[in-house]
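Comments concern the structure below.
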Amino acid sequence: YHVFAAPAHSGKSTTCIRTIANFLNTYKNGLALWVDGEQATPPGRLMQLGIPYQHQKDENGNDIIDPDTGLPMPIVNPNNRDDVKWDQRFFRVPYNVTLEKAFGLIDKCIEIKINFNQEDTPLLVVFDSIDSLPSEKELETDNPDQAIGQKSKVLGYYMKRFLFKLRQYNICVIFIAHIGKKLSMMGPYEAYDG
């Protein structure tokens, strides 16, 4: 597990999307699961940041280039221009999902890896962001006092439960977290204000 934490609008998602792109370019058999809880990054931005996608081809089999962006044109759903055909190794979960369901997706990936005899295939999972993924209990209750601490309990449970599985099945998980107020630290790790 890794936690990538910084203030709002500091480039956390951009850095993690570039990490996914670099991972997929480095590990040709690698898989990436991006749990997009914030739904803040449009497909065009993902393409600019290097997430692999399927390209439109001309009659000679050459990429059709978008004159505005200089990037190859993506294959899209004609009924929804935001529905891009991504590389088959990149899985985007672009809807609101609970924390429990997000961890369930990791279980599903493990099941697929086992069924296809691909236990060693590297898998990168990015939760963007941990703050935007509610627990099921938080969605069920109308009383905020009953929801306090639920996310911590769920995270603690799944982190213990998955730690061995992640090592066994070659999975790296990155959580993006927001820092809402200034943290003061002593010594060489103090944040730069500039």
Mark yes or no for whether K113, through its side chain, and K108, through its backbone, hold a donor-acceptor pair below 3.5 Å. no

Is the closest side-chain donor-acceptor distance between S132 and E38 under 3.5 Å? no

Under the rule for side-chain hydrogen bond (donor to acceptor under 3.5 Å, both in side chains), what residues qualify as partners of N77, not counting sequence neighbours? D83

Using the side chain to side chain donor-acceptor pair (under 3.5 Å) definition, which of the options T41, D128, D36 pairs with S13? D128

To the closest 0.5 Å, what do you measure between CG (N25) and CG (D87)? 9.0 Å

Decide yes or no on side chain to side chain contact (heavy atoms under 4.5 Å, CB included) for E138 and K151, but give the supporting numbers first. CA-CA 8 Å; E138 287 173 310; K151 190 176 292 189; 3.7 Å; yes

When the ring planes of F103 and F127 are compared, do they come out parallel, tilted or perpendicular, using 30° and 60° as the limits? tilted

Under 30°, 30 to 60°, or over 60°: which ring-plane class applies to W86 and Y53, parallel, tilted or perpendicular? perpendicular

Using only heavy-atom distances, determine whether the side chains of Q150 and S135 contain a donor-acceptor pair under 3.5 Å. no

Does K165 count as lying over the ring of Y169, i.e. NZ or CZ under 6.0 Å from the six-ring centre, within 45 degrees of the axis? no

Is F162 reachable from V3 through a run of hydrophobic residues whose side-chain heavy atoms are each under 4.5 Å from the next? yes

Would you mind checking if D107 and R161 are paired as a salt bridge, meaning a charged N to carboxylate O distance below 4.0 Å? yes

